[in-house]
Each structure stands twice: as structure tokens, then as C-alpha cells.
Amino acid sequence: MAAAALRAGVPMGVVPMGTFNYFSREQGLAMDAEAAVLQLLQALRAGELRPVQVGFVNDRVFLVNASVGLYPRLLAEREQATRRFGRSRWVAMGAAVWSMLRPSSGRRWRVLVRTHQGAQVYEQEHQVTTLFVGNNPLQLEQVGLPQAQSVAQGGQLAVVLLKPQGRWAMARTVWRAALGQLEQDPAVLSLACAELTVSPSGWRKGRVKVAFDGERERMDAPLCFKLHPRPLWLVAPTRLERTPASPVEPLPAATGVAPSLVTA
């Protein structure tokens, strides 16, 4: 896990083996496994390292995204689809669209936001089906969110809130995400911040199902999303060359990572 590499203070290498590989593509890594290993060995010999911004939700690390609400269910149903039909981007996208178009009730969340380090915290309440926190500029850019630039510059995370809506309105949202026009959707609220704390409104808090980089876990509220004060060092060529864009997932996908050598 990336968390282990961060704790041990050792650099991490990545070989992309996932479905969407947003982390590897953002970092400009080779998409072919053999080529990625050769690239990794060359970077090791040259002593090339690159700092990577690390996000946390409570004590769990995420490099791509973390979310609550609809998205954890989407991941579970996507896993079922890939076991049945095989792993591919089209299977994952189809399963995601199917999940999103099914009825889903919203939940009211109490949200505390700090826009940048040292700024005053302000409080809001939102009724949403999904609360998503992104740490990958490429993923945010592909669905058309301006916060991609803030995340790329460092020191901030992107927050996306999806309001409850009917099936046809949700289909419109999915279509706009696919076209890279999510910012224009009236059901979507997005912002950039350095720290975000969320908890269910009302007296019954309970445990919340959280998805982070493809993993799912129930966590005690409140949930605190923030950046680690130091970067994770990635073994990769110093010069960044992004992998060309590919089909966009309707809602953010995730990538798994592990210490030292990772398949993602």
C-alpha cells in the first residue's frame, strides 16, 4: 500500500494494471506493463524521483479519490460486473451507468471547509447522493471540473457534491460528465479546499461507508479529508509526459497502489 511506503519514508514504483489507471496516466507512466517495468528500472538507475500529493480520509491514504454516498455502491456493483463479464473499461463504464440510473436517496451532511491552510473554517449543510473528494487532476479535467488546476498546483483537494435528482436528470449528469462538461450541470456543486470535515446531520451518526482508491470501509464520523504535510516520492522519470486521454468513467474511478512496487 502507498500508506506503507509513506510511513516507511521509501519511494514507490508503479506498474499500471488497473481499469482506468488514473494515477499512472496523470504521472505519465507507460501503460504497457513491460514498458512500465523498464521505465521504472531506468528511473531507479538514474535516481529519478517525483513528489506526489497524498490525501487522507481519517487515517486512510488516497492518491486518486475518496467518497461517500452513491459511489461506494457503484464500486461494489462494478466488481460484480467485472467478475461476470471480465475486466475492461467498457464493462466498468456500463456498470457505473447502470448503478447511477437506479433510484438513490440523498443524505444531509454537515460540511466544514477550510479553503487553504490558515484560513477560517466555514460550515454548510447539503442534501446529496454523493460527496466526492478528488486528488487527481487528470480525472477532474476529463469530467470538466475547474478544480483540476487547483489540485495540479498542489495544496488543495477538489470536492464534488451531487444533489438528489430523478433518473432522467441523472442521465443528463452522466452525459455531461462523459462530454467533460460537469461544471455546467445544475445538480453538481464543486469547490477546492485544503481540508474538509463531514458528518451526517441529525442525532444518529453511526458508521459511514467510504470508498477510497477502490477500497471500501466503514468509518466513524466525522470524516476528515486533508493532505499529508509531506509528499510520497514516486520512482519515475523527472520529465512528466501525460498518457493521452481515454474514455471517461461516469463517476470517478480509483486505482490501487502498494509500497515500493505497485500494480495500479
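These values consider heavy atoms only, across backbone and side chains, with no hydrogens, waters or symmetry-generated copies.
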>> Evaluate L189 against V128 for side-chain contact (heavy atoms from CB on, under 4.5 Å), listing each step before the verdict.
In response: CA-CA 10 Å; L189 172 65; V128 298; over 6 Å; no
> Can you tell me if CD on E125 sees more than 12 non-hydrogen neighbours from other groups inside 6.0 Å?
Replying inline: yes
> So do V151 and N136 actually touch side chain to side chain, heavy atoms under 4.5 Å?
Replying inline: no
>> Contact between D185 and Q181 at the side-chain level, heavy atoms closer than 4.5 Å - yes or no?
In response: no
>> Under the rule for salt bridge (charged side-chain N to carboxylate O under 4.0 Å, His left out), what residues qualify as partners of E217, not counting sequence neighbours?
In response: R60
> How long is the gap from OG1 on T197 to CH2 on W109, to the nearest 0.5 Å?
Replying inline: 12.5 Å
> So do the side chains of Q42 and P237 get within less than 4.5 Å of each other, counting heavy atoms only?
Replying inline: no
> If you take all heavy atoms of Q53 and G155, which pair is closest and at what distance?
Replying inline: OE1-N, 2.7 Å
> Any side-chain heavy atom of Y22 within less than 4.5 Å of one from N65?
Replying inline: no
> What residues form a salt bridge (charged side-chain N to carboxylate O under 4.0 Å, His left out) with E48, not counting sequence neighbours?
Replying inline: none
> Considering all heavy atoms of both residues, which atom of P164 and which atom of T129 are nearest to each other, and what is their separation?
Replying inline: CA-CG2, 3.6 Å
>> So, taking the atom named CG in L49 and the one named CG in L44, what distance separates them when rounded to the nearest 0.5 Å?
In response: 8.0 Å
>> Could you go through L112 and E195, starting from their C-alpha distance and side-chain angles, then the distance that decides it, and tell me whether this counts as side-chain contact (heavy atoms from CB on, under 4.5 Å)?
In response: CA-CA 8 Å; L112 302 176; E195 187 175 331; over 6 Å; no
> Looking only at heavy atoms, what is the nearest atom pair of A148 and L140, with distance?
Replying inline: CB-CB, 3.7 Å
>> Given L182, which partner from the list V174, V143, L162 fulfils the side-chain contact (heavy atoms from CB on, under 4.5 Å) test?
In response: V143
> Cationic tip of R172 within the cone over W168's six-membered ring, i.e. under 6.0 Å and within 45° of the normal?
Replying inline: no
>> One pair to check against side-chain contact (heavy atoms from CB on, under 4.5 Å): V121 and R114. What are the steps and the verdict?
In response: CA-CA 5 Å; V121 174; R114 190 188 304 274; 3.2 Å; yes
>> Please say yes or no: joined through hydrophobic side-chain contacts below 4.5 Å, possibly via intermediate residues, are L161 and Y122 part of one cluster?
In response: yes
>> So, using side chain to side chain donor-acceptor pair (under 3.5 Å) as the criterion, who are the partners of Q124 when residues are at least two apart?
In response: H126
>> Quick one, V54 and L63 - any side-chain contact, counting heavy atoms below 4.5 Å?
In response: yes
>> Working to the nearest 0.5 angstrom, can you tell me the gap between Q165 CD and T173 OG1?
In response: 3.5 Å
> Where do L29 and N21 land on the side-chain contact (heavy atoms from CB on, under 4.5 Å) test, with the steps shown first?
Replying inline: CA-CA 10 Å; L29 305 181; N21 296 312; over 6 Å; no
> Roughly how far, to the nearest 0.5 Å, is the CG atom of L157 from the CZ atom of F62?
Replying inline: 5.0 Å
>> Working to the nearest 0.5 angstrom, can you tell me the gap between R45 CZ and L40 CG?
In response: 10.0 Å
>> Show the nearest heavy-atom pair for residues V68 and K209, with the distance to one decimal.
In response: CG1-O, 3.8 Å
>> Show me the pairs that pass ring-ring contact (aromatic ring centres under 6.0 Å, His included) and involve residues 169-198, at least two apart or across chains.
In response: none
> Within a reach of under 6.0 Å around CD of Q120, are more than 12 heavy atoms found that belong to other residues, nucleotides or ligands?
Replying inline: no
> What's the shortest heavy-atom distance between M31 and S24, and which atoms?
Replying inline: CE-CB, 3.5 Å
> Partners of H116 by ring pair (Phe, Tyr, Trp, His ring centres under 6.0 Å), sequence neighbours excluded?
Replying inline: none
> Quick check: does any side chain N or O of R230 sit under 3.5 Å from a backbone N or O of L6, one acting as donor and the other as acceptor?
Replying inline: yes
>> Please give me the minimum heavy-atom distance between G55 and N135, naming the atom from each residue.
In response: N-ND2, 3.6 Å
>> What's the separation between atom CZ in R207 and atom CG in D220, rounded to the nearest 0.5 Å?
In response: 4.5 Å
> Side chains of V61 and F56: closer than 4.5 Å at any heavy-atom pair?
Replying inline: yes
>> Run the side chain to side chain contact (heavy atoms under 4.5 Å, CB included) test against S150 and tell me which residues pass, sequence neighbours left out.
In response: Q156, A192
>> Is the shortest side-chain heavy-atom distance between V111 and V159 below 4.5 Å?
In response: no
